[in-house]
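Here is how names work: the chains are called A, B, and so on, in the same order as the sequence lines, proteins then strands, and each is numbered from 1.
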2 protein chains.
Amino acid sequence: MTDFLPPIQTTARDDAVLKALAGFVRQEALGPGEKLPTERILAERLKVSRNTVREALTRWEGLGLVERRQGSGTYLKAAVSPDMLHMPLTLAGGNDFAGLMATLEIRRALEAEAAALCAIRAGKAELAEIERKLDLMEEAFQTRAGMSSEEDWEFHQAVFRASGNPLFEQIIAAMYEMFHRFWEHPLGVRDFGHASFPYHRTIFERIAARDPEGARAEALKLIATVEDDLKRGAANLKLSDRR
Amino acid sequence: MTDFLPPIQTTARDDAVLKALAGFVRQEALGPGEKLPTERILAERLKVSRNTVREALTRWEGLGLVERRQGSGTYLKAAVSPDMLHMPLTLAGGNDFAGLMATLEIRRALEAEAAALCAIRAGKAELAEIERKLDLMEEAFQTRAGMSSEEDWEFHQAVFRASGNPLFEQIIAAMYEMFHRFWEHPLGVRDFGHASFPYHRTIFERIAARDPEGARAEALKLIATVEDDLKRGAANLKLSDRR
DNA sequence: GTGCAGAAATTGGTTGGACCATTGAACCAC
DNA sequence: GTGGTTCAATGGTCCAACCAATTTCTGCAC
């Protein structure tokens with residue numbers, strides 16, 4: 001019986017400010033790194049209090065869209081558009097070994113799917129980019145005797161980016177962040193990541209061959225080796241995780 | 001040459017407020033739905049301006065952790081802890097339909113993995129809980145002629161929770177928020193979700209039978225039907241998404 | 001006592017104005 | 001050039017007041 005009657009919009013000052021600001025950014029074609037108008041100017045032009053402007057900007061800052069530098073100004077940190085969608089993700093806990101394994105299970109799910117999607121959707125340019133990152137990684141691996149975590153990460157990022165779905169990259173970035181609370185010296189395992197090395201190339205080969213299921217299978221193998229490394233490391237310290 | 005010198009941390013008033021508030025929540029063991037102290041009280045107790053308190057709360061509100069109701073108070077919307085990690089996901093430029101498809105690809109990856117893990121790890125109690133949610137859903141489906149989105153969601157939540165990895169639920173919860181903008185009248189498809197109905201039970205059966213790969217397969221089928229529904233809906237409106 | 005309308009208190013939302021702290025540019029000795 | 005100094009611009013914080021929505025209390029009618 002009840003037809004869907006959307007609640008009427010009485011006030012939403014700060015939302016309105018953000019909408020106006022998003023429009024302004026598009027109007028002026030501002031990109032990341034560029035400077036936004038002053039809070040005082042925005043307040044004056046939009047006919048709202050400076051405090052309201054600040055609350056609006058605080059929202060964007062919390063979303064990582066904008067960076068405020070005292071004494072300098074407010075700068076765009078990412079591309080903003082009037083029709084973007086936000087899905088705040090907050091991850092609780094996960095500072096211990098169990099948390100590390102938890103992130104790895106997410107990686108297994110997403111990495112496999114992304115590799116498969118990538119095999120279907122990656123364009124020529126993306127494929128070339130992935131191969132470039134792969135070469136860089138292999139070179140770093142040879143040169144620095146196995147310490148190639150940075151290049152390793154960039155390779156995976158390139159795959160996620162080529163999956164055609166930006167959420168993959170963003171979610172995995174969150175996992176990576178959690179990983180990094182540990183990863184500096186992961187569990188004392190010196191050759192951490194060595195075992196996973198060869199699978200990077202096999203994943204790329206399957207993607208280049210447009211073989212989704214093959215790519216998925218290779219990605220799963222890679223994660224399995226990392227998992228093994230982690231478990232091996234856990235056995236090494238057994239007792240050090242008592243909080 | 002340059003040793004890594006991390007930037008020095010001077011002040012961060014509102015961050016400090018949030019830290020204190022998170023500590024307070026843990027101290028008092030507050031859960032979702034419960035009321036936080038007044039802005040005025042927080043300002044007085046923490047010896048900061050009410051304005052600063054507001055900026056801090058605005059951050060949490062933007063992250064979906066808290067809900068403010070004018071004239072009533074500020075209420076917890078999710079569990080908060082002092083060590084949470086925030087990673088706002090932003091989908092740029094995509095209209096709602098594209099966003100929906102993007103979240104669905106994440107769901108496909110995670111739902112399949114979670115179902116498989118669940119088949120391996122779910123205990124007796126978790127299994128019973130899942131079955132209870134399943135029964136509730138099926139009952140609602142019969143009674144309300146297909147409108148069972150709330151119970152549907154609770155079923156999936158129960159599966160995620162039983163996967164033994166809290167990250168699954170946390171990530172999918174972020175996706176779900178976006179889903180909810182549509183779920184009311186998703187794309188004008190009247191019988192949206194009907195097709196996925198039978199797979200809920202088959203998923204449960206595979207889990208109960210401790211058959212990880214079977215559970216994964218059924219979960220994939222479910223997502224496939226949802227995807228079809230969505231595409232069908234998209235065809236229905238084709239022209240209405242020109243902004 | 002019960003029920004309900006209106007008053008009063010509570011609480012988040014907004015405003016305007018003031019001052020502080022940091023930044024960066026211009027300027028000035030050396 | 002190098003290194004200070006000054007100074008204006010800008011974000012950060014504070015205060016005091018008022019607005020708007022909500023909740024609670026009060027008192028009257030029955």
Side-chain angles (χ1 to χ4, degrees), chain A residues 5-22 24-25 28 30 32-78 80, chain B residues 5-22 24-25 28 30 32-78 80:
Chain A
L5 291 175
I8 195 166
Q9 214 71 321
T10 52
T11 52
R13 307 288 260 179
D14 44 3
D15 266 353
V17 168
L18 287 185
K19 218 171 107 183
L21 197 49
F24 174 81
V25 167
E28 303 284 311
L30 297 182
E34 298 200 76
K35 190 173 167 185
L36 293 178
T38 331
E39 295 180 352
R40 287 171 174 88
I41 290 185
L42 285 174
E44 183 191 354
R45 292 279 208 288
L46 299 174
K47 292 277 180 252
V48 295
S49 154
R50 188 179 152 218
N51 252 327
T52 305
V53 171
R54 281 185 65 65
E55 288 223 0
L57 286 178
T58 298
R59 275 233 237 298
W60 268 14
E61 191 186 27
L63 263 42
L65 297 177
V66 115
E67 180 184 354
R68 292 150 119 175
R69 288 205 283 272
Q70 186 174 170
S72 175
T74 304
Y75 300 83
L76 274 180
K77 226 171 103 182
V80 310
Chain B
L5 290 175
I8 195 168
Q9 207 80 319
T10 52
T11 51
R13 303 286 260 180
D14 43 3
D15 266 353
V17 168
L18 288 185
K19 216 171 108 185
L21 199 47
F24 174 80
V25 167
E28 303 284 310
L30 297 182
E34 297 199 77
K35 191 172 165 183
L36 293 176
T38 318
E39 295 180 351
R40 287 171 174 88
I41 291 184
L42 284 174
E44 182 191 355
R45 292 278 208 288
L46 298 174
K47 292 277 181 253
V48 296
S49 151
R50 190 178 150 217
N51 236 322
T52 305
V53 172
R54 281 188 115 297
E55 287 221 2
L57 286 179
T58 298
R59 274 233 240 298
W60 269 14
E61 190 188 27
L63 263 44
L65 298 177
V66 114
E67 180 184 353
R68 292 150 121 176
R69 288 204 284 273
Q70 184 174 169
S72 175
T74 304
Y75 300 82
L76 273 180
K77 228 171 99 181
V80 310

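Of the candidate nucleotides D:dA20, D:dG12, D:dT13, D:dA20 has the atom lying nearest to any side-chain atom of B:Gln70.
A search for side chain to side chain contact (heavy atoms under 4.5 Å, CB included) contacts involving A:Thr38 returns A:Ile41, not counting sequence neighbours. Applying the side chain to side chain donor-acceptor pair (under 3.5 Å) rule to A:Glu61 yields the partners A:Arg68, B:Arg59; only residues at least two apart in sequence or on another chain are considered. In this structure A:Glu28 satisfies the side chain to side chain contact (heavy atoms under 4.5 Å, CB included) test together with A:Phe24, A:Leu30, sequence neighbours excluded. For B:Ala78, the side chain to side chain contact (heavy atoms under 4.5 Å, CB included) partners are B:Leu65, not counting sequence neighbours. Applying the side chain to side chain donor-acceptor pair (under 3.5 Å) criterion to B:Ser72, with sequence neighbours excluded, gives B:Tyr75. Judged as a salt bridge (Lys or Arg N to Asp or Glu O under 4.0 Å), and not counting sequence neighbours, A:Arg40 has no contacts. B:Arg50 is linked by a salt bridge (Lys or Arg N to Asp or Glu O under 4.0 Å) to B:Glu39, counting only residues two or more places apart in sequence or in another chain.
Between B:Lys35 atom NZ and D:dT22 atom P there is a gap of 14 Å when expressed in whole angstrom units. Atoms NZ (B:Lys77) and P (C:dG12) sit 16 Å apart, rounded to a whole Å. Going from atom CG of A:Leu42 over to atom P of D:dT10 covers 11 Å, rounded to whole Å. A straight line from CD of B:Glu55 to P of C:dT14 spans 13 Å, rounded to a whole angstrom. Rounded to an integer number of Å, the gap from CZ of A:Arg68 to C1' of D:dT13 is 12 Å. One can place OH of A:Tyr75 at 11 Å from C1' of D:dG11, the figure rounded to the nearest angstrom. Between B:Glu39 atom CD and D:dA21 atom C1' the separation is 14 Å, expressed in whole Å. The distance between atom CD of B:Glu67 and atom P of C:dT11, rounded to the nearest whole Å, is 17 Å.
Contact between the side-chain N/O atoms of B:Thr38 and the OP1/OP2 oxygens of C:dT11 is found at a separation under 4.0 Å. Taking side-chain N and O atoms only, B:Thr52 has a distance below 4.0 Å to OP1 or OP2 of D:dC14.
Going from atom CG of B:Leu21 over to atom CZ of B:Arg45 covers 13.0 Å, rounded to the nearest 0.5 Å. Considering OG1 of A:Thr52 and CG of A:Leu57, their distance stands at 11.0 Å, rounded to 0.5 Å.
Rounded to 10 degrees, the angle between the two end axes of the helix from C:dG1-D:dC30 to C:dC30-D:dG1 is 10°, with five pairs used at each end.
Residue-level contact check: A:Arg69 touches the backbone only, with heavy atoms under 4.0 Å from sugar-phosphate atoms and none from bases.
The residue among A:Ser72 and B:Arg54 whose nearest nucleotide of DNA chain C is located toward the 5' end is B:Arg54.
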Close N/O contacts between protein and nucleotides 15-18 of chain D (under 3.5 Å):
from, atom 1, to, atom 2, distance (Å)
D:dC15, N4, B:Asn51, ND2, 3.0

